[in-house]
Amino acid sequence: MNKNGEIADIFDNIADALEFKGENVFKINAYRKAARVLREFPGDISKVKPAEIEGIGKGLAEKIEEYLATGSIKKHAEALSDIPEGLLDLLKIPSLGPKTLYYVYKELGVKGLSELEKVIEDGSLAQLDGMGEKKAENIRRGIELYKEGKSRIPIGLALPVVSEITSALKKVTKKASPAGSLRRMKETVGDIDILAADDNAEKIIEKFVTHPLVRSVNARGNTKASVIVDFHNLQVDVRVVDEDSWGAALVYFTGSKAHNVKIRSLAKDKNLKINEYGVFRGEKRIAGKTEEEVYKTLGMKWMPPELREDRGEIEASLKGNLPQLVELKDLKGDFHIHSNYSDGTNDIRTIVLAARDLGYEYVGICDHSKTSRIANGLDVNMLKKRNAEIDEVQEGIPGIRILKGTEVDILSDGNLDYPDIVLEQLDFVIAAVHQGFRKNVTHRMKQAMDNPLVDVLAHPTGRLLSGREGYEINLEEVMEHAAKRNVALEINATYDRLDLNDVNIMTAKSFGTVFIIGTDAHNIRMLRDTELGIGMARRGWLVRKDILNAYTWDNIPLRRRRNR
DNA sequence: GCCGTTTTCGGCCCGACTGTTTTCAGTCG
């Protein structure tokens, strides 16, 4: 893979060091911004001129080039030289910021976690000027959370919880909505933001902090409260504004931070001020009730939350060029569903009925091939038997077309797990790597795509959000080859995969590939994970025509049809 | 450290809550 992420990490690390030393905050922000831009850059940074990217100027471009040439950055070593190793990791502790960390380092000689715990235990931290018992206690609780590994969780896990809390709030107020990265459909979420609008903030805060899922209350003010819920130690914040501020607050709390910074700065150019209460000219509020109104004061159209990452959406909106993003209702079918013939839990009939209930025009049954023993992969005879059952079920169920498919293994030698004569009998073929993650994967995938019977490449990176790194692969080479061979890349919608993700999608689209959204469902409940796949697609700026299963069956430009 | 048709110097988004303070700094988002 490219070095974008490695350099981004170094820039963040330098930012931490500068922050610790109390350097100019704008310089620190410049490093942070560059780190973000690098992480989200849809391409290989070594193949472009970094200084031409917004947010990266002459100085940082030189550092990027230094890293690409030498594998390190002098400024990095320099920034860290007088800081004990590992000390900056403590910045991840909630309620412990750079000022306090520096303070305890200078005054008490704290150089690591154990020493920090010691000065809290023996009371010496609390005795410092400006500190006190409560601050010490907050940091102690922060350390607990830090140790529990409070980290971002996949959005698919957070959504049901958030929706339950939001529903509860809606019982006492008309307007309540998730905001933050969850509303933007980011693949993982950290803290959860929920916004509500009402004249009586107190009753909403009360409803919130007494919700059965709440384990502890971190903060509770007049318009804002913060709790930890009994689910992955998730922190949930609720903020209440009055109804006239609903739109402005929704924009503000949806973010992203980078998006907000840019629109506020645009507002400033127009002598306006934007905050969570509205858009102001002097003292006078000129907008704020709806999001549309807020954007309009800046000469922009409303934009979908999934785009709000400062990746060009503001410029596009100003020019009136926002894409018409694909929507959930555009999907006409799902290709990637496992039945109980392999490792799915439901039988074909149940799956087909569920798909028809979702309003699908077609549904693809897609079981594992024989080498995936652990997933009960089908040998050729079982595949025949399954296909016969599909025909039988089809006769009894009108109104939806059942497609015969397979998720065929790309074997370690690059061959497919079924011979062509078997693949030819199917309506579509999805090829996937399930073994040999470090073994020549780029070449094997390309070889698989050279077979004209392969329509789709499944979960192209192989990563899992729960921690698995994924294939050792040159992703861009694979994407380019997919575009050349007319093979669709999957946006796998399983909550732990989301593979491709938003940044990958943008890169792939730049090569000209098409996509399918596949749930990889192993039970009918998972059919609804299309919501997550659509979220990724929208974050990747995809429109309806980019996604094959947004076409009707008669018009779908599946590879085998285009090749005919 | 970045950026620019009001600027190549002097700006850089804005506010709530907490805990420690007699008016504010730190953290967070």
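Each chain gets a letter, A, B and so on, in the order its sequence line appears, and its residues count up from 1.
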What nucleic acid atoms does [X] come within less than 4.0 Å of, heavy atoms only: base, sugar-phosphate, or nothing?
X	value
A:Ile274	sugar-phosphate
A:Asp129	nothing
A:Lys268	sugar-phosphate
A:Gly180	nothing
A:Tyr31	sugar-phosphate

Gap between atoms [atom1] and [atom2], on [X] and [N] respectively (whole Å):
X	N	atom1	atom2	result
A:Ile28	B:dC13	CD1	P	14 Å
A:Ile314	B:dC13	CD1	P	13 Å
A:Glu133	B:dG19	CD	C1'	12 Å
A:Lys135	B:dT18	NZ	P	13 Å
A:Ile53	B:dC2	CD1	P	12 Å
A:Leu195	B:dA16	CG	P	14 Å
A:Met131	B:dG26	CE	P	9 Å
A:Asp237	B:dT18	CG	P	11 Å

Please report the distance separating the [atom1] of [N] from the corresponding atom of [M], rounded so that it comes out in whole Å.
N	M	atom1	answer
B:dT7	B:dG1	P	26 Å
B:dT27	B:dT20	C1'	14 Å
B:dT5	B:dC9	P	16 Å
B:dA16	B:dC12	C1'	22 Å
B:dC14	B:dT8	C1'	28 Å
B:dG26	B:dT22	P	14 Å
B:dC13	B:dC3	C1'	16 Å

Original post:
Taking atom types as modelled, is there a side-chain donor on A:Ser245 or A:Glu276 under 3.5 Å from an acceptor on the other?
Top reply: no

Original post:
With no hydrogens and no angle check, do the side chains of A:Gln235 and A:Asp237 hold a donor and an acceptor under 3.5 Å apart?
Top reply: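 Result is yes, a qualifying pair exists.
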
Is the shortest side-chain N to carboxylate O distance from [X] to [Y] below 4.0 Å?
X	Y	result
A:Glu206	A:Arg220	yes
A:Arg39	A:Asp9	yes
A:Glu315	A:Lys319	no
A:Lys296	A:Glu292	no

Original post:
Closer to the 5' end of DNA chain B via nearest nucleotide, is it A:Thr223 or A:Val261?
Top reply: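 Whichever sits nearer the 5' end wins; that is A:Val261.
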
Original post:
If you pin A:Asn260 and A:Pro98 to their nearest nucleotides in DNA chain B, which one's is more 5'?
Top reply: A:Asn260

Out of [options], whichever nucleotide has its closest atom nearest the side chain of [X]:
X	options	result
A:Arg239	B:dC2, B:dC17, B:dA16	B:dA16
A:Glu54	B:dG1, B:dC13, B:dC3	B:dC3
A:Tyr277	B:dG15, B:dC2, B:dC13	B:dG15
A:Arg264	B:dC12, B:dC28, B:dC13	B:dC13

**OP:** Rounded to the nearest 0.5 Å, what's the gap from CD1 on A:Ile165 to CG on A:Leu213? Could you check?
**Re:**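 Here the interatomic distance stands at 5.5 Å.
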
Establish, with yes or no, whether the OP1 or OP2 oxygen of [N] is under 4.0 angstrom from a side-chain nitrogen or oxygen of [X].
X	N	value
A:Lys262	B:dC12	no
A:Lys273	B:dG15	yes
A:Tyr103	B:dT20	no
A:Asn138	B:dG19	yes
A:Ser226	B:dT18	no
A:Lys27	B:dC12	no
A:Asn275	B:dG15	yes

Original post:
Would you call the rings of A:Tyr105 and A:Phe20 parallel, tilted or perpendicular if under 30° counts as parallel and over 60° as perpendicular?
Top reply: tilted

**OP:** Syn or anti for B:dT20, please, going by whether the chi angle lies within 90° of 0.
**Re:**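 Judged by the O4'-C1' to base torsion, B:dT20 sits in anti, the angle falling more than 90° away from 0.
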
Original post:
Given that both distances must come in under 3.5 Å, which nucleotide forms a Watson-Crick or G-U wobble pair with B:dT8?
Top reply: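 Here B:dT8 is not engaged in any pair, so there is no nucleotide opposite it.
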
